[in-house]
Amino acid sequence: MFFSKYQRITSLIVVLSFIFLLPGCQQNQQSGDTLSNSAEKKFDRFTENYFQEQLLGSGLNLHFLLEDTSDYADASMSLGEYSYESMQEIQPFCIAKIEELKKIDYQALDSERQMTYDVLMHSFQSQLDFSDFCLLSEDLSPTLGIQAQLPVLLSEYDFTSRQDIENYLQLLGSVQPYFNGICEFQKLKAEKNCFISGSVCDAIITQCKDFLDDSNIEENLLYTSFQNKLDHCKKISDKERRSFSDKNKALLESNVFPAYVHLIDTLSTLKADGACKNENGLAYLDHGREYYEYLVKNETGSSLTVPEIKAMIQTQVVRDIKQLYSLYTISPELESKISESQPSMDADKILTELTQKSRKDFSEISNLQYTLKTVDEQLQDYLSPAFYISPPLDCLDRNIIYINPKKTTDDLYTTLAHEGIPGHLYQNAFFAATNPNKIRYLIGCGGYSEGWAVYAEIQSYNYLYNDQNLAAAQACNESYSLALYCLCDIGVNYEGWNYQDLKSFLSNYNITDDASCHSMFEAVLEDPANYLKYYVGYLEIQKMKKYVMEQTGADFNLKQFHDALLSIGPADFDIVKKWIMHQYKNREPD
């Protein structure tokens with residue numbers, strides 16, 4: 001899984017959503033004669049079969065979820081199918097899965113299986129509405145789009161055997177047909193008058209051109225990363241090494257690069273033909289507001305309506321402003337300190353310090369392993385400030401945190417708290433230590449995962465500064481900044497603001513320069529509901545903490561709450577609330 005940090009005004013494991021839900025990859029069920037008819041046996045068989053279906057349908061999923069793939073020799077070594085027709089198939093697929101789940105006696109399951117059942121049922125139900133809105137969906141964007149993420153994922157495709165290399169080359173061979181499907185889908189969107197805006201189209205085209213910019217193919221990321229991995233693979237001969245290198249270069253020239261060129265040409269032609277008819281948000285498209293409601297619910301994991309979410313955010317903005325003014329009254333110097341850069345530290349030292357200082361609030365996980373990497377120069381202009389790639393289920397120490405030096409300059413400490421400890425890395429390792437059902441790794445909830453990372457990031461100001469008033473002021477400022485992005489997102493995509501409306505709104509908060517306003521407008525056009533995933537998730541976690549505090553009174557233990565929340569794993573917040581007290585009572589503080 002791929003988790004990224006949000007872009008900031010001062011300047012994101014995103015689940016691989018474009019290949020995860022794969023109808024039509026059914027595997028033969030095990031014979032019922034060899035299993036008992038108990039509910040738990042039926043449920044375990046259901047989850048195992050579903051897990052295998054998903055991995056057999058995508059070579060990329062398979063590789064990132066399992067290091068040992070020997071049991072999946074029949075898996076499709078492709079990116080899958082991208083088409084309007086395949087999106088339409090999701091609905092009957094989910095209906096069939098729901099009916100299959102309903103045949104299992106929920107009350108006869110133990111608590112862990114009941115939680116997994118709840119998560120599965122919600123996942124299938126949330127997908128049912130997608131086919132009604134799939135033409136409004138968009139998997140292309142300058143930062144979080146398929147075309148931007150794919151080079152990173154391919155460069156992170158490890159080679160531990162000859163088979164890994166052969167599988168990788170097969171995946172490269174599937175890039176062009178996959179991108180052809182994306183292009184056909186974009187043409188259909190243009191035909192139905194729901195194509196992207198001109199500015200977003202231009203940004204995607206520019207990103208693709210920059211990826212292809214090197215005149216020398218041997219300087220491209222997908223060539224250099226392949227060579228580096230090949231050089232470190234000791235299980236092949238020199239002759240095989242040369243052969244694989246030649247095949248990779250040939251596939252880049254004949255398949256991958258032409259796929260990006262075709263995408264550039266398709267988008268350029270559609271724009272030239274007048275397809276970019278809407279330069280504003282989703283609210284201006286037919287059924288755009290309804291799609292935004294679906295998107296917000298799906299992304300945030302919150303059951304609140306969009307107006308209720310807006311009210312919750314506005315309430316928090318007022319709280320943050322009041323607290324900031326109160327802190328400034330106590331310590332007037334904070335107003336100037338709050339804009340200063342964070343203290344400069346080496347990334348490894350930061351993570352070591354975060355590990356030590358966070359122990360008072362978060363249970364210790366021994367021997368957490370991770371690797372820090374730098375985003376390739378070809379991708380620095382477009383990728384997030386940082387992102388975390390979770391390890392395979394059978395090799396849990398292979399955690400990777402990427403840092404984008406072009407985007408992460410003044411806030412490396414809190415960025416590493418978000419991606420590392422006690423953020424995504426800690427979150428993933430804690431949940432993995434509970435030995436969850438494998439299917440849980442295939443079902444994400446952005447609001448839960450990114451909400452936790454924001455929660456961890458804001459908590460880390462207490463570890464960064466000895467002056468707790470400064471820490472509180474920085475936390476308020478962070479919350480306040482994210483809140484403004486979310487209110488702009490709702491304004492543009494739900495209420496129909498244009499650029500001037502957004503500028504007028506931001507002027508109320510003393511943000512008046514065109515560069516900042518334009519950056520915010522483009523950000524919420526490119527990825528609707530993205531900021532809500534982070535901030536609404538964070539606010540829901542704060543609500544959950546308040547709920548547990550009310551239930552436990554003076555006995556509330558912060559570390560025990562964190563353990564309970566993380567032991568539930570990624571889930572929408574209604575499910576989290578259903579199970580939080582059960583998990584809390586089963587977690588003893590250190």
Side-chain angles (χ1 to χ4, degrees), residues 2 16 19 55-56 58-80 147 149-179 210-261 369-380 383 389-403:
F2 181 69
L16 305 180
I19 51 178
L55 267 61
L56 286 169
S58 169
L60 201 56
N61 276 358
L62 176 61
H63 183 82
F64 277 95
L65 281 166
L66 292 174
E67 183 174 60
D68 180 5
T69 60
S70 57
D71 291 338
Y72 295 87
D74 294 333
S76 170
M77 286 303 145
S78 74
L79 296 178
Q147 87 297 330
Q149 291 186 17
L150 187 59
V152 180
L153 294 170
L154 290 174
S155 70
E156 281 302 319
Y157 196 106
D158 289 328
F159 299 159
T160 58
S161 66
R162 181 185 294 101
Q163 189 63 52
D164 283 337
I165 303 170
E166 292 174 349
N167 290 347
Y168 175 88
L169 293 172
Q170 286 187 56
L171 281 173
L172 281 192
S174 75
V175 171
Q176 191 165 35
Y178 191 77
F179 272 46
D210 285 351
F211 171 67
L212 299 174
D213 189 44
D214 291 311
S215 55
N216 183 359
I217 189 174
E218 296 183 3
E219 294 178 4
N220 185 275
L221 170 64
L222 294 184
Y223 182 88
T224 57
S225 63
F226 184 87
Q227 291 299 120
N228 182 56
K229 291 181 290 188
L230 207 57
D231 291 342
H232 287 84
C233 188
K234 299 178 181 179
K235 298 182 179 181
I236 57 173
S237 66
D238 289 341
K239 181 179 179 181
E240 289 174 316
R241 204 180 310 276
R242 289 190 296 272
S243 175
F244 284 136
S245 179
D246 290 342
K247 288 179 181 177
N248 177 59
K249 186 176 181 180
L251 281 167
L252 291 177
E253 291 177 325
S254 66
N255 193 294
V256 179
F257 294 169
Y260 275 84
V261 170
Q369 302 293 314
Y370 59 85
T371 302
L372 289 168
K373 295 188 177 184
T374 301
V375 173
D376 188 90
E377 288 184 8
Q378 295 171 341
L379 305 173
Q380 287 179 7
L383 289 184
I389 300 178
S390 60
L393 310 187
D394 50 354
C395 186
L396 291 171
D397 60 350
R398 206 164 75 203
N399 298 281
I400 299 169
I401 298 175
Y402 266 97
I403 298 172

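All figures in this text were calculated on a predicted structure; none of them were measured in a lab.
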Donor-acceptor pair, side chain of [X] and main chain of [Y], under 3.5 angstrom:
{"X": "Q380", "Y": "V375", "answer": "yes"}
{"X": "T224", "Y": "L221", "answer": "yes"}
{"X": "K373", "Y": "I400", "answer": "no"}
{"X": "N220", "Y": "L212", "answer": "no"}
{"X": "N61", "Y": "L55", "answer": "no"}
{"X": "D394", "Y": "E67", "answer": "yes"}
{"X": "Y260", "Y": "Q147", "answer": "yes"}

Between atom [atom1] of [X] and atom [atom2] of [Y], what is the distance when rounded to the nearest 0.5 Å?
{"X": "S245", "Y": "Q227", "atom1": "OG", "atom2": "CD", "value": "3.5 Å"}
{"X": "S225", "Y": "N248", "atom1": "OG", "atom2": "CG", "value": "7.5 Å"}
{"X": "L393", "Y": "D68", "atom1": "CG", "atom2": "CG", "value": "11.5 Å"}
{"X": "L172", "Y": "L222", "atom1": "CG", "atom2": "CG", "value": "7.0 Å"}
{"X": "L79", "Y": "L150", "atom1": "CG", "atom2": "CG", "value": "6.0 Å"}

List the atom of [X], the atom of [Y], and the distance in Å for their closest heavy-atom pair.
{"X": "Y402", "Y": "V152", "answer": "CE1-CG1, 4.3 Å"}
{"X": "L153", "Y": "F64", "answer": "O-CZ, 3.2 Å"}
{"X": "L62", "Y": "A75", "answer": "CD2-CB, 3.5 Å"}
{"X": "R241", "Y": "I236", "answer": "NH2-O, 3.3 Å"}

Of H63, K229, R398, which meets side-chain hydrogen bond (donor to acceptor under 3.5 Å, both in side chains) against D158?
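By the side-chain hydrogen bond (donor to acceptor under 3.5 Å, both in side chains) criterion, D158 pairs with just one of H63, K229, R398: R398.
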Tell me, please, which residues at least two apart from [X] pass side chain to side chain contact (heavy atoms under 4.5 Å, CB included).
{"X": "L396", "result": "P391, A432"}
{"X": "K234", "result": "none"}
{"X": "S76", "result": "S78"}
{"X": "R242", "result": "D238, K239"}

What pairs of donor and acceptor atoms, side-chain ones from residues 250-257 against any protein atom, are under 3.5 angstrom apart with sequence neighbours left out?
from : atom 1 : to   : atom 2 : distance (Å)
S254 : OG     : A250 : O      : 2.8
N255 : OD1    : Q176 : N      : 2.8
N255 : ND2    : G173 : O      : 2.9

Decide yes or no on side-chain contact (heavy atoms from CB on, under 4.5 Å) for C233 and I165, but give the supporting numbers first.
CA-CA 9 Å; C233 188; I165 303 170; 4.2 Å; yes
Angle class for the F159/F226 ring planes (parallel below 30°, perpendicular above 60°, tilted otherwise)?
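Aromatic pair F159/F226 classed perpendicular.
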Listed once per pair and sorted, the side-chain hydrogen bond (donor to acceptor under 3.5 Å, both in side chains) pairs that draw on residues 159-168, sequence neighbours left out:
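Non-adjacent pairs meeting side-chain hydrogen bond (donor to acceptor under 3.5 Å, both in side chains): T160-D164, R162-E240, Q163-N167.
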Is the CG atom of D74 crowded by more than 12 outside heavy atoms at less than 6.0 Å?
no
Looking at side-chain heavy atoms only, is the closest gap between N216 and Y223 below 4.5 Å?
no
